[in-house]
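The block underneath contains the structure these notes are about, expressed in structure tokens.
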2 protein chains.
Amino acid sequence: MSPTSQPSGPGAPGSPGSPGSDSTTVQDYVKVIYSATEWQDKPVTMSALAARLQVANSSVTEMVRKLVGLGLARHEPYSPVELTPSGLRLALSMVRRHRLLETYLVWELGYGWDEVHDEAELLEHTVSDMLIERMSQRLGHPVRDPHGDPIPAADGTVQQPDAHLIGLLDDGHRGTVARISDANPDLLRYLDSEQLKLDTAVEVVGHKPFGGALTVRVGSDPGREIDLGDESAAAVWVSTVGSHPGCNLEQ
Amino acid sequence: MSPTSQPSGPGAPGSPGSPGSDSTTVQDYVKVIYSATEWQDKPVTMSALAARLQVANSSVTEMVRKLVGLGLARHEPYSPVELTPSGLRLALSMVRRHRLLETYLVWELGYGWDEVHDEAELLEHTVSDMLIERMSQRLGHPVRDPHGDPIPAADGTVQQPDAHLIGLLDDGHRGTVARISDANPDLLRYLDSEQLKLDTAVEVVGHKPFGGALTVRVGSDPGREIDLGDESAAAVWVSTVGSHPGCNLEQ
DNA sequence: TTATAGATTTAGGTATGCCGAAATTTCGCA
DNA sequence: TGCGAAATTTCGGCATACCTAAATCTATAA
Ligand SMILES: [Mn+2]
Ligand SMILES: [Mn+2]
Ligand SMILES: [Mn+2]
Ligand SMILES: [Mn+2]
């Protein structure tokens with residue numbers, strides 16, 4: 001995060017799990033700690049946080065110390081970080097904001113799904129609870145964002161879809177695209193150009209040898225076959241509805 | 001402004017008069033310097049800025065020094081502050097953002113005109129140029145905000161309505177409400193309850209003695225008469241269309 | 001079992017912005 | 001013309017958040 005300064009968002013300090021009086025930096029750290037274990041459950045290390053937040057390791061050490069002081073995180077020296085219940089509530093509130101904003105930008109203002117992440121990353125800290133709820137209302141209270149990520153309800157409830165990373169599925173497995181990581185806009189544009197969107201039917205046709213590309217049939221019936229590289233295969237989740245046996249779900 | 005910190009908004013540093021890489025603090029100072037002379041032209045003093053921004057005089061001295069360094073303002077010691085052409089461009093860009101946001105919140109998300117100011121005050125620093133232009137497009141490129149304040153065009157053009165403070169008009173003067181200061185939400189709610197809205201026809205019926213209240217006929221034909229106190233009379237501007245003679249327009 | 005590479009924390013410093021108190025300057029009025 | 005009140009600036013400090021370099025700890029691999 002850049003060092004320039006600004007007031008933190010509105011919202012009463014009291015409302016349960018709302019951003020309240022936390023700085024935008026605290027909000028981002030907590031949100032990143034949460035989302036690091038959303039689609040895989042390796043515990044979050046300090047250096048993983050540093051990498052995601054694009055700051056030095058020492059900065060993470062300092063901020064995590066602060067989060068612990070605020071009662072938002074637990075941390076033993078030289079160990080991974082965990083959220084407290086209070087930190088989890090804040091994180092869910094931020095995630096709700098982020099994903100509702102993305103959804104609003106796509107459906108109400110004609111943004112592409114590759115254009116919304118950065119805008120939401122900033123707005124999430126600024127928008128009031130009232131604005132968020134009005135947007136949710138206007139959208140008919142959606143439960144997932146344009147990338148398939150679940151939108152936590154205002155009360156903190158989340159319904160995580162039962163999906164698996166396509167790169168870990170065995171040949172012959174089929175299902176529909178349930179989620180695509182929005183980390184890389186270029187990748188989103190590429191997948192879009194290949195007709196691989198949310199809810200598209202897909203089937204794992206085969207693996208190229210030596211950890212190479214993954215061949216996937218896209219679309220219903222005959223479909224088209226495309227090859228996904230490592231990065232693509234690590235960004236697409238497939239719902240296990242009507243799944244075949246033999247899925248490597250450990251790790 | 002509170003001391004918590006956050007990245008400043010997006011937008012290329014280059015685009016003419018766009019927020020670019022200026023901190024939200026710089027953006028607010030420049031905007032306040034601009035709007036201080038928008039409806040009256042006393043030069044802006046340091047203490048006036050401090051009062052509007054709710055910071056100490058010494059803080060203003062420091063920030064103004066910085067604005068001068070950035071080429072956004074001119075300032076001789078112990079004198080009022082002025083914007084440079086570059087500062088004016090930035091200010092107009094911020095004002096456009098603020099007013100377009102207010103307008104969007106009212107027309108697209110059902111906000112009341114008394115609820116939008118604080119929300120816009122924060123969002124103006126965070127929203128991208130792209131989002132602003134999409135909102136403008138969605139609204140049909142409005143030229144004034146819910147309070148009657150003109151919305152500068154993307155190229156910096158402003159069409160300031162020809163209006164006068166109702167408190168300075170002589171008895172018998174009539175016209176339509178062209179602008180109501182949004183500084184005080186309570187006042188906005190009061191005026192709203194009295195049917196005194198934008199474009200409402202009004203006539204100055206009389207002045208109570210000793211600088212007291214102003215009696216105003218509201219609405220067309222018979223209309224209703226209401227008494228406006230000092231604060232109200234200093235917040236309502238009336239368009240001079242079909243004006244009668246005798247308007248105290250000096251000062 | 002013990003080096004030692006890698007992860008993490010500590011130490012020392014920078015940049016923003018803001019504050020109160022203490023100078024300093026200006027300007028109206030006696 | 002000169003005095004003092006008001007406005008403005010200077011000075012010393014604080015809080016946040018980040019960084020680099022230098023410890024320090026942990027865990028793996030001889
Ligand atoms: Mn963010
Ligand atoms: Mn998303
Ligand atoms: Mn503002
Ligand atoms: Mn307004």
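Fair warning: this is a prediction, and the values are worked out from it, not measured in the lab.
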Salt-bridge criterion met for A/E133 and A/R96 (N-O under 4.0 Å): yes

Classify the nucleic acid contact of B/T61 as base, sugar-phosphate or nothing, counting any heavy atom under 4.0 Å across all strands shown. base

If only atom types and distance count, is the side chain of B/T126 paired as donor or acceptor with the main-chain N or O of A/L122 below 3.5 Å? no

Kindly say if B/H75 contacts the phosphate of D/dT8, meaning a side-chain N or O under 4.0 Å from OP1 or OP2. no

Measure the CD1-CG distance between B/I33 and B/L67 for me, rounded to the nearest 0.5 Å. 5.5 Å

For B/S58, answer base if it contacts any base atom (sugar-phosphate contacts may also be present), sugar-phosphate if it contacts only those atoms, and nothing otherwise; contact means non-hydrogen atoms under 4.0 Å. base

Looking at D/dT20, D/dC18, D/dC25, which one has an atom nearest to any side-chain atom of A/A56? D/dT20

Please tell me which of the listed nucleotides, D/dA17, D/dC19, C/dT8, lies nearest to the side chain of A/S59? D/dC19

Do any side-chain nitrogens or oxygens of B/Y29 fall under 4.0 Å of OP1 or OP2 in C/dT16? no

Polar side chain donor-acceptor pair, B/H125 to B/D28, under 3.5 angstrom: yes

Please determine whether a side-chain nitrogen or oxygen atom of B/S23 lies at a distance below 4.0 Å from atom OP1 or OP2 of C/dT16. no

Relative orientation of the end axes in the helix from C/dT1-D/dA30 to C/dA30-D/dT1, expressed as an angle to the nearest 10° (five pairs per end): 20°

